[in-house]
Amino acid sequence: MYGRRASQLLKELSTSEPGQLTSFNTDLFDQALKECNAHHLELQSLMRKIQEEELDVQTTRNAEHFGAVIHHLSLIRNKRCLMAYMYNRAVIIQSLRWKLGPVLPQEIQEKLNFSEEEYFKNYSAALESYASELELDLTVDMVPPKDPYIKVRVLDDIGDVLLSDQSPNLACHSIHFLKRTDAEQFISQGLMEELLG
């Protein structure tokens with residue numbers, strides 16, 4: 001049945017947890033692309049037959065016409081499904097950039113295909129370029145803070161780090177009182193946790 005492979009991609013996307021990235025389904029995606037190419041070739045062949053018979057494309061209602069309509073609509077449906085699959089993955093990739101910063105963890109990188117990796121790099125570069133023009137880190141403080149300083153516990157040994165107002169030794173399990181803007185990047189990478197209360 002036409003369009004089944006492309007719709008399976010969307011079903012796979014809808015069954016995954018919202019905001020979570022599943023591995024890119026290269027096999028199913030390639031099969032849907034091959035089906036698009038086959039529809040395109042069939043459509044061209046049928047249109048050529050209609051033109052060779054010198055029939056009016058607008059008024060002719062024969063087997064070639066209806067076959068061309070079926071292949072054309074199937075091609076459009078497959079394209080829409082493939083575009084929806086890619087668009088939804090791109091939205092998730094953008095949100096990961098805002099949440100995790102410019103470096104994705106290895107387990108997420110393994111789920112991306114080459115074009116998505118390039119998209120993430122280009123999106124990160126555009127975001128960083130824009131932020132540098134504004135001279136403002138847009139990825140920090142998505143919610144306005146109540147206090148500019150927070151109490152954090154270091155989860156992994158980071159070592160000596162130069163921060164905006166101090167240069168502490170961030171040893172594993174040590175507790176520090178840092179500027180929120182300095183701590184956010186370490187928290188998003190899972191190297192620190194904020195201590196509430």
- Message: Tell me if the CD atom of Glu17 is crowded by more than 12 foreign heavy atoms within 6.0 Å.
- Response: no

Please check this pair: side chain of [X] against backbone of [Y], looking for a donor-acceptor N/O pair closer than 3.5 Å.
X      : Y      : value
Ser124 : Lys121 : no
Asn88  : Ala84  : yes
Thr15  : Lys11  : yes

- Message: Set out, in order, the CA-CA distance, both residues' side-chain angles and the distance that settles side-chain contact (heavy atoms from CB on, under 4.5 Å) for Arg5 and Glu35, then state yes or no.
- Response: CA-CA 9 Å; Arg5 291 177 186 93; Glu35 187 177 307; 3.1 Å; yes

Going only through I, L, V, M, F, W and Y residues with side-chain contacts under 4.5 Å, is there a path from [X] to [Y]?
X      : Y      : answer
Leu163 : Leu191 : yes
Met86  : Leu28  : yes
Trp98  : Tyr130 : yes
Ile76  : Leu10  : no
Ile70  : Leu46  : no

Shortest non-hydrogen contact from [X] toward [Y]:
X      : Y      : value
Ile158 : Val154 : CD1-CG1, 4.1 Å
Asp157 : Ala171 : OD1-CA, 3.3 Å
Leu75  : Cys36  : CD1-O, 3.4 Å
Ala32  : Leu82  : CB-CD2, 3.7 Å
Thr22  : Ser16  : CG2-CB, 3.5 Å
Pro105 : Leu100 : CD-CD1, 3.7 Å

Hey, could you give me the [atom1]/[atom2] distance between [X] and [Y], rounded to the nearest 0.5 Å?
X      : Y      : atom1 : atom2 : value
Lys179 : Glu184 : NZ    : CD    : 13.5 Å
Glu193 : Leu155 : CD    : CG    : 4.5 Å
Phe24  : Glu12  : CZ    : CD    : 9.5 Å
Lys151 : Ile175 : NZ    : CD1   : 5.5 Å
His71  : His39  : NE2   : NE2   : 7.0 Å
Gln31  : Asn25  : CD    : CG    : 8.0 Å

- Task: If the plane angle is over 60° it's perpendicular, under 30° parallel, otherwise tilted; pick one for Tyr149 and Phe177.
- Result: parallel

Close side-chain approach of [X] and [Y], heavy atoms under 4.5 Å:
X      : Y      : value
Lys111 : Ser23  : yes
Leu104 : Ile93  : no
Val152 : Leu195 : no
Gln109 : Phe120 : no
Arg97  : Leu127 : yes
Val161 : Phe186 : yes
Arg89  : Leu21  : yes
Met192 : Leu170 : yes

- Task: Answer with yes or no whether the side chains of His72 and Ser74 bring together a donor and an acceptor at under 3.5 Å.
- Result: no

- Query: What about the rings of Tyr119 and Phe114, do their centers lie closer together than 6.0 Å?
  - Reply: no

